[in-house]
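What follows is a single structure, written as structure tokens, with notes after it.
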Amino acid sequence: RHFAESAPRYDFATRALSLCQDASWKRRLIAALPKLKAPVCVDVACGTGDVTFLLADRYGEGEFIGVDLTREMIDLANHRNRNGKVRFTCGEMSRLKMEDASVDVITGSYAIRNAPDLGEALAEFHRVLKPGGTLAILDFCKPDSPFFQAMQFHLLKFWGGLWGFLLHGNPEVHGYISKSLRGFPDRKSLEEIFTTSGFRIFGSKKHFGGMMMRYVLQKGESRTQRVNPQC
């Protein structure tokens with residue numbers, strides 16, 4: 001319901017909330033991906049499709065699928081779509097309708113923070129990625145320090161609430177961002193979860209004074225999948 005309400009003004013809101021840095025962060029995310037000839041790319045929580053289209057611009061001859069839970073977002077993405085190699089579909093990031101080891105690249109912008117179960121979502125990404133496949137993530141970064149976590153919470157509550165009120169007359173529309181970080185792991189814990197879930201951190205970059213983080217991860221072997229050779 002939240003994203004259905006915010007869909008018509010979502011692109012403007014992301015620019016406003018990021019002080020017009022959002023597009024630059026997303027371009028850098030795509031630029032950090034490996035060189036591939038014709039990859040299968042999946043953009044989870046694709047919204048109105050901006051990162052999905054950037055993937056198509058980057059790789060050209062690949063296959064590009066944008067997945068989002070919200071029909072209103074998918075409708076806007078389809079309306080913008082002029083590329084026959086790009087398609088959009090409604091779906092959950094934790095239940096992708098794709099075969100095992102069938103995807104070269106997964107991207108997610110402001111995505112994993114909204115997963116009902118982060119471990120489940122990462123396991124699903126690991127399942128559909130090919131061996132050595134790439135997971136690229138852009139999302140808020142929760143500080144390790146409780147003091148700075150509190151500062152971040154109140155800053156985001158004010159800033160998100162302000163734009164929620166200005167754009168929708170409801171501060172909860174974007175004020176929810178601060179609440180979503182309460183159950184999200186801090187930076188060190190998140191990186192440990194990546195490793196446990198079978199991903200190697202290939203590269204990372206802080207944005208916005210550390211408020212945002214970009215990760216480029218490579219699929220390896222999940223600890224839960226490792227077998228003792230003596231067994």
note = Smallest heavy-atom separation, Leu96 atom then Arg127 atom, equals O-NH2, 3.1 Å
task = Show the numbers, then the answer: is there a side chain to side chain contact (heavy atoms under 4.5 Å, CB included) between Arg214 and Lys206?
result = CA-CA 6 Å; Arg214 179 183 80 219; Lys206 292 181 180 179; over 6 Å; no
request  = Mark yes or no for whether Gln149, through its side chain, and Pro143, through its backbone, hold a donor-acceptor pair below 3.5 Å.
outcome  = yes
request  = Kindly check if the number of other-residue, nucleotide or ligand heavy atoms within 6.0 Å of NZ (Lys130) is above 12?
outcome  = yes
query = Are any non-hydrogen side-chain atoms of Leu217 and Phe202 less than 4.5 angstrom apart?
reply = no
Test item: Asn170 side-chain N/O and Phe165 main-chain N/O as donor-acceptor pair under 3.5 Å = no
query = Tell me, which pairs form a side chain to side chain donor-acceptor pair (under 3.5 Å) where one or both residues lie in residues 41-56, sequence neighbours left out?
reply = Asp11-Thr48, Lys26-Asp50, Asp43-Thr52, Asp43-Thr107, Thr48-Arg80
query = Which distance, rounded to the nearest 0.5 Å, do you find between the CD of Glu120 and the OG of Ser94?
reply = 4.5 Å
ask   = Do Val105 and Val42 touch side chain to side chain, with heavy atoms closer than 4.5 Å?
value = no
ask   = Ring centroid separation for Phe184 and Phe140, is it under 6.0 angstrom?
value = no
ask   = Stepwise, does the salt bridge (Lys or Arg N to Asp or Glu O under 4.0 Å) test hold for Lys142 with Asp186?
value = CA-CA 5 Å; Lys142 186 174 179 179; Asp186 61 41; over 6 Å; no
note = In short, Pro34 meets Arg58 closest at the heavy-atom pair O-NH2, 3.5 Å
query = Are any non-hydrogen side-chain atoms of Tyr110 and Leu138 less than 4.5 angstrom apart?
reply = yes
task = Taking Ser197 for its side chain and Ile193 for its backbone only, find out whether a donor-acceptor pair lies under 3.5 Å.
result = yes
Any Gln21 side-chain heavy atom under 4.5 Å of His207 side chain = no
query = Is Asp104 reaching over with its side chain to a backbone N or O of Val40, donor-acceptor style, under 3.5 angstrom?
reply = yes
message = Apply side chain to side chain contact (heavy atoms under 4.5 Å, CB included) to residues Tyr215 and Met213 and explain how you reach the verdict.
response = CA-CA 7 Å; Tyr215 286 104; Met213 198 78 181; 3.4 Å; yes
ask   = Is Ser102 reaching over with its side chain to a backbone N or O of Met98, donor-acceptor style, under 3.5 angstrom?
value = no
task = Anything under 30° is parallel, anything over 60° is perpendicular, the rest tilted; go ahead and classify Tyr176 against Phe3.
result = perpendicular
Within-4.5 Å side-chain heavy-atom neighbours: Glu92 and Val44 = no
Members besides Phe148 in its Ile/Leu/Val/Met/Phe/Trp/Tyr cluster (side-chain heavy atoms under 4.5 Å) = Phe147, Met151
task = Please check if Ile112 and Val128 belong to a single hydrophobic cluster, counting links between Ile, Leu, Val, Met, Phe, Trp and Tyr side chain heavy atoms closer than 4.5 Å.
result = yes
ask   = So, do Val216 and Thr134 sit near enough that their side-chain heavy atoms are less than 4.5 Å apart?
value = yes
query = What are the two closest non-hydrogen atoms of Ser6 and His168, and how far apart are they?
reply = CA-CE1, 3.6 Å
inquiry  = If you define the side chain from C-beta out and look only at heavy atoms, does anything of Leu156 sit under 4.5 Å from Leu181?
reply    = yes
ask   = Between Asp22 and Arg15, does at least one N-O distance fall below 4.0 Å, as a salt bridge requires?
value = no
query = Would you say the side-chain atoms of Glu124 pair up with the backbone N or O of Gly119, donor to acceptor, closer than 3.5 Å?
reply = no
note = In short, Ala45 meets Met93 closest at the heavy-atom pair CB-CE, 4.2 Å
ask   = What are the two closest non-hydrogen atoms of Thr70 and Ala4, and how far apart are they?
value = CG2-N, 3.6 Å
query = Does one hydrophobic cluster hold both Leu190 and Phe153, with members joined at side-chain heavy-atom distances below 4.5 Å?
reply = no
task = Could you tell me whether Glu191 and Lys188 make a salt bridge, using a distance below 4.0 angstrom between a side-chain N and a carboxylate O?
result = no
request  = Using a 4.5 Å cut-off on heavy atoms from C-beta on, say whether the side chain of Phe53 contacts that of Asn81.
outcome  = yes
query = With distance as the sole test, does Asp68 use its side chain to make a donor-acceptor pair with the main-chain N or O of Ile74 at under 3.5 Å?
reply = no
query = What's the shortest heavy-atom distance between Gly160 and Leu17, and which atoms?
reply = CA-CD2, 3.8 Å
request  = List the steps and the verdict of side chain to side chain contact (heavy atoms under 4.5 Å, CB included) for Lys219 and Arg200.
outcome  = CA-CA 6 Å; Lys219 176 181 174 177; Arg200 181 173 70 90; over 6 Å; no
Donor-acceptor pair, side chain of Arg82 and main chain of His79, under 3.5 angstrom = yes
remark   = CZ of Phe125 to CD1 of Ile137, rounded to nearest 0.5 Å, is 6.5 Å
query = Could you state the interatomic distance from CG (Leu54) to CG (Leu33), rounded to the nearest 0.5 Å?
reply = 10.0 Å
